[in-house]
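Below: the structure, in structure tokens.
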Amino acid sequence: MKYNFNEIEAKWQKYWRENKTFKAENNSDKPKYYVLDMFPYPSGAGLHVGHPLGYIASDIYSRFKRHQGFNVLHPMGYDSFGLPAEQYAIQTGQHPAITTEANITRYREQLDKIGFSFDWSREVRTSNPDYYKWTQWIFIQLFNSWYNVDADRAEDIARLISAFEVAGNAQVNAVCDDDVAVFTAAEWNEYTWEEKQSILLKYRLTYLAETEVNWCPALGTVLANDEIVNGVSERGGHPVVRKKMMQWSMRITAYAQRLLDGLDRLDWPQPLKESQTNWIGRSKGASVKFKIDGHDEFIEVFTTRPDTIFGVTFMTLAPELELVKAITTAEQKEAVESYIEATAKRSERDRMADVKTISGAFTGAYAIHPFTEEKIPIWIGDYVLASYGTGAVMAVPCGDQRDHDFANHFNIPIKNIFEGVDITEEAFADKDNTKIANSDFITGLGFKEATQLVIERLEAMGQGEGKINYRLRDAVFSRQRYWGEPFPVYYKNGIPQMIEAEHLPIRLPEVEKYLPTETGEPPLGNANVWAWDTDKNEVVSNDLIDNETVFPLELNTMPGWAGSSWYFNRYMDAINENEFASQEALNYWKDVDLYIGGSEHATGHLLYSRFWQKFLFDRELLPVDEYAKKLINQGMILGTSAFVYRVEGENKFVSKGLKNNYKVQAIHADVSFVNASDELDVEAFKNWRPEFKDAEFVYEEDKYLVGREVEKMSKSKYNVVNPDDICEEYGADTLRLYEMFLGPLEQAKPWNTAGITGVAGFLKKLWRLYFDDNGLVVTDNEPSKESLKTLHKTIKKATEDVANFSFNTSVSGFMIAVNELTAHKCHERAILEPLAILISPYAPHIAEELWASLGHAESISTAKWPEFDEKHLVESSKEYPVSFNGKMRFKKELPLDLTKEEIEKVIMADERTQKQLNGRTPKKVIVVPGKIINIVG
RNA sequence: GCUCGAGUGGUGGAAUUGGUAGACACGUUGGACUUAAAAUCCAAUGAACAGUAAUGUUCGUGCGGGUUCAAGUCCCGCCUCGAGUACCA
């Protein structure tokens, strides 16, 4: 019987579907295990061989855990809101929902062909109203919460309101906007409803605020940083300006410290944890208030070096700061204004790219040094960022290189406050070797003591305090797009109001155009039926807006990360209509045991989702505050592009080896035209495009050879390899094994089908242990000692390798096992039955077929994992490598029960030893029993 | 610039606590089967030198040092590539 993979794979995929083999139960006596993949965005291009790499690894792990007796949750779904579908809608008018549906269907077909053990009954799609209903619901929970710093957790906003009613806000320790005024209980109770609402908005965990965005007037839309190239829009090349817009933000900064602390408890890759740590960017220092000469305002700065306060010779403010206009003197007005204007025109990219140019302007105003009371000039400069800290720095040119450069450029004095350090050429920033000089009460002290003392004095004066600052900023949550979750928000006198949870979901309205409106409003501004009727509790026509009972709805939609920030919890109870997930399900599954995905999500999805998890935990909606115990990053699979060489100005192509004789252009050829030896199928290439039809080809040794280069796998580079084609030609089991065999899971690696025949051959060889041309050849005979040894060696290796996620080495292990068993002519059931189980997580279709052929009626998927027995591996002798001065010269088989002395005696007596020594007497003989013998001398 | 990761045959890669470098696979070469090809099977295959050969010697894990009986593995100093990040006060 031949191994017919197409037939076998179709058969078992059908079986699994019909028998719901991989459906996970929410009640089970078995221990739970939750294996999660980062869900994909269903793009129009379909899957290529790079996508399934992580899915194959997680599938192997899931299947392994099932063999070990776990109740495994292994779900899949789609992050189905997103820009490409919207872009396509703008171009074609096709509703994004239709495009998305078609893409999902294609993804599903492709995924099914690879034989994944997903529980599809739990599929989620972020663009499905049954799902985004709960995304909207979580948004409402965030709106109705504030962060109590004393309790270090989020609490119901109602508690904050009662606190205000009783004692005002002076005693409240909350994370909130900076500009909250102090009020008493009496004042609070006197405020109008609107006043109360606008104060509460400064405390809510999601809030409206003016945020700077990249606005492109010509496109009428906001652009992401990577949609801007050289200060103009990538599409169309229109100018982009920075503009303030009222947008929803998430108060993620309230969780900065907990997000940082939580990392210690997570088994995540170190580089990923580090990038989150850097992103959060905690720094310890002090905030210092400087009085401004002749003004009532203060300049508040954050500094990590309070010990250098006597080295301050100027202040620098970010040009965007409101304060700048207020303090600028008449003489400096013109210079300052033109500088501010120039800065506004420069995009953040420009400012970033151009670090060398030093620019700034003097405001004419002076700050007063808190200790010396000296007058310090106040400058503005675009090296100070409005969005970090307070947007102001106390400039210490002797201790900070940027301040040093700025001072030199504008001839501002530099004061040296370090003992024994020359600062004429560059600043001295070494905290550890600092000894402060010329600094009044801290002269002679080191960094630590001086810092401590300065903070104490500032606190006593009411002009500063110790402070911890974070780089992390609150996350903007509004998008001026169509294809995203609508906010459950309407506006009453400009005050945002949440729609009651029972009326969710608020469905995306139909629009005629997916572009922004002519007045520059987001696409939802095109909807005619987009108003909220507070009597009927439904979405009604805009004509009915009276601002009495019918109000306009929010026009922005939520960003891509909204739906992906909690989907892993939804999988636990995916079709619950009454809750985002039941407490029973949440308490049973609790968290993800293994999460596999790309490292590109390190500071986006993986940070936001931890934030939401902690928030929902605080509000007692979830049992744990970190959702993924272990995370693994899979490496990218790269494409191997193929190039042909066209002689410039001619329709003539020369083979790779001849290209240096001509002036040629390299042109991408589709990799499907090229075989494993880099030979081009010239006919196929000619038929590819009309302009190649009559091309001339110059061969070397009767062949046309292409050049190869490793690049990112992409449609535009014609190096995409489709998994369907591989499944068709070699089978899904071969694809799965080969993707694992390519190398370590975490490493990036080029895709090259050259080696796939080796894996395909392995499966054929495996099959032949069970079948010959006439049928099953498995016997119930006693297996040989050698075969038992092979089996148990393989059990050990397979079990260890899966535990270490070293799937490439386990595949080699299987190859070795099959090679050995073939050599032993092994056909015994006692060997072949456990072998099928070992291989089943990797090549599940063939394993099911072999299992069924051995007479089992049940699927192999829950068969018990074979147990390793040491006794089959016990050896009585060892072939010792014998080294001379560390170089292995020969081997000698010796019994393992010999003592060191006995081994030495036998080895010294060996004639090969004497030959090596050539008459010399060894200085030393090292014997490590069971390992090695080394003779020195 | 900073942070992290990685450099091993023609190729993908393996190597436990420092203990036989190159497992496994591809490719290549030779052979068997075949009218032929494909498929399959068998053998050889890090490099250099010597030898008809068995075999032997030397070199060899990015580079230069060091520790050790023994280093791909540990330590010090570099180089190259990749990823992330960026005027963070």
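The sequence lines fix the lettering, A, B, ..., with proteins before strands; numbering per chain opens at 1. Small disclaimer: the values here were computed from a predicted structure and weren't measured.
The gap from the C1' atom of B:C4 to that of B:C41 amounts to 48 Å, rounded to the nearest Å. The same atom, P, is picked in B:G72 and in B:A15; the two are 15 Å apart, to the nearest Å. Distance noted for atom P between B:G60 and B:A47: 16 Å (whole Å). A distance of about 12 Å separates the P atoms of B:A6 and B:A14, rounded to the whole Å.
Checking A:A748 against A:G389, the closest nucleotide of RNA chain B that is more toward the 5' end is the one next to A:A748. Heavy-atom distances to RNA chain B give each of A:I926 and A:E879 a nearest nucleotide, and the one nearer the 5′ end belongs to A:E879.
Of the listed residues (A:F807, A:W751, A:Y730), just one forms a ring pair (Phe, Tyr, Trp, His ring centres under 6.0 Å) with A:Y738, and that residue is A:W751. Results of the side chain to side chain contact (heavy atoms under 4.5 Å, CB included) test with A:L742 over A:I637, A:L53, A:V49 single out A:I637 as the only residue that passes.
Side-chain atoms of A:L742 lie closest to B:G12 of the nucleotides B:U20, B:A15, B:G12.
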Protein-nucleotides 30-32 of chain B N/O pairs under 3.5 Å:
none

Strictly under 3.5 Å: I want the nitrogen or oxygen pairs between protein and nucleotides 58-60 of chain B, one per line.
from: B:U58; atom 1: OP2; to: A:R889; atom 2: NH1; distance (Å): 3.3
from: B:U58; atom 1: OP2; to: A:R889; atom 2: NH2; distance (Å): 3.1

Close N/O contacts between protein and nucleotides 2-10 of chain B (under 3.5 Å):
from: B:U3; atom 1: O2'; to: A:E274; atom 2: OE1; distance (Å): 3.3

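Because its glycosidic torsion is within 90° of 0, B:G9 is reported here as syn.
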Watson-Crick and G-U pairing of RNA chain B written in dot-bracket, each distance under 3.5 angstrom, with | for inter-strand partners: (((((((..(((......[....)))((((((.......))))))(((((....)))))..(((((..]....))))))))))))....
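The NE2-P distance, from A:H601 to B:U85, rounds to 12 Å in whole Å. Across the protein-nucleic acid pair, A:I932 atom CD1 and B:A21 atom C1' stand 12 Å apart, rounded to whole Å. Distance CH2 (A:W279) to P (B:A86): 5 Å, rounded to an integer number of Å. One can place CG of A:N633 at 15 Å from P of B:A83, the figure rounded to the nearest angstrom. Going from atom CZ of A:F428 over to atom C1' of B:A89 covers 18 Å, rounded to whole Å.
Close to B:G13, at under 4.0 Å from its OP1 or OP2, lies no side-chain N or O of A:K749. Under 4.0 angstrom from either OP1 or OP2 of B:C24 there lies no side-chain N or O belonging to A:N819.
Checked for salt-bridge contact, A:E904 and A:K900 miss the test: no charged N lies under 4.0 Å from a carboxylate O. The pair A:E870-A:K796 does not meet the salt-bridge criterion, since no charged nitrogen lies less than 4.0 angstrom from a carboxylate oxygen.
Applying the side chain to side chain contact (heavy atoms under 4.5 Å, CB included) rule to A:S806 yields the partners A:D801, A:N804, A:N808, A:T809; only residues at least two apart in sequence or on another chain are considered. Among residues two or more places apart in sequence or in another chain, the salt bridge (Lys or Arg N to Asp or Glu O under 4.0 Å) test is passed with A:D405 by none. Legend: residues meeting salt bridge (Lys or Arg N to Asp or Glu O under 4.0 Å) with A:E274, ordered by chain and number and at least two apart, are absent. With sequence neighbours excluded, the residues satisfying salt bridge (Lys or Arg N to Asp or Glu O under 4.0 Å) with A:D307 are A:R305. A:A392 pairs by the side chain to side chain contact (heavy atoms under 4.5 Å, CB included) definition with A:I299, A:V301, A:L317, A:T390, not counting sequence neighbours. Every residue two or more places apart in sequence or in another chain was checked for a salt bridge (Lys or Arg N to Asp or Glu O under 4.0 Å) with A:D772, and none qualifies.
Here A:N469 lies out of heavy-atom contact (under 4.0 Å) with every strand. At a threshold of 4.0 angstrom between heavy atoms, the contacts of A:V928 include nucleobase atoms, whether or not backbone atoms are also involved. Among the atoms of the strands shown, none is found under 4.0 Å from any heavy atom of A:S599. Note on A:P744: only backbone sugar-phosphate atoms sit closer than 4.0 angstrom, heavy atoms only; bases stay farther off.
Summarising the geometry of A:G399 relative to A:A429, their closest heavy-atom pair is O-CB, 3.7 Å, with the distance given to 0.1 Å.
Relative orientation of the A:H605 and A:H601 rings is perpendicular, given thresholds of 30° and 60° on the angle between their planes. Ring pair A:F302/A:Y388 is perpendicular by interplanar angle, where above 60° counts as perpendicular and below 30° as parallel.
Of all the residues in residues 395-407 of chain A, A:R402 reach under 4.0 Å from RNA chain B with at least one non-hydrogen atom. For RNA chain B, no neighbouring residue in residues 794-807 of chain A is found when judged by any heavy atom under 4.0 Å.
Atom CD of A:E879 has more than 12 heavy atoms from other residues, nucleotides or ligands within 6.0 Å. Residue-environment remark: CG (A:D178) stays at or below the threshold of 12 foreign heavy atoms within 6.0 Å.
Geometrically, A:K764 does not engage A:Y3 in a cation-pi contact defined by less than 6.0 Å to the ring centre and at most 45° from the axis.
Using a distance-only test at 3.5 Å, with no hydrogens or angles considered, a donor-acceptor pair links the side chain of A:H827 to the main chain of A:L769.
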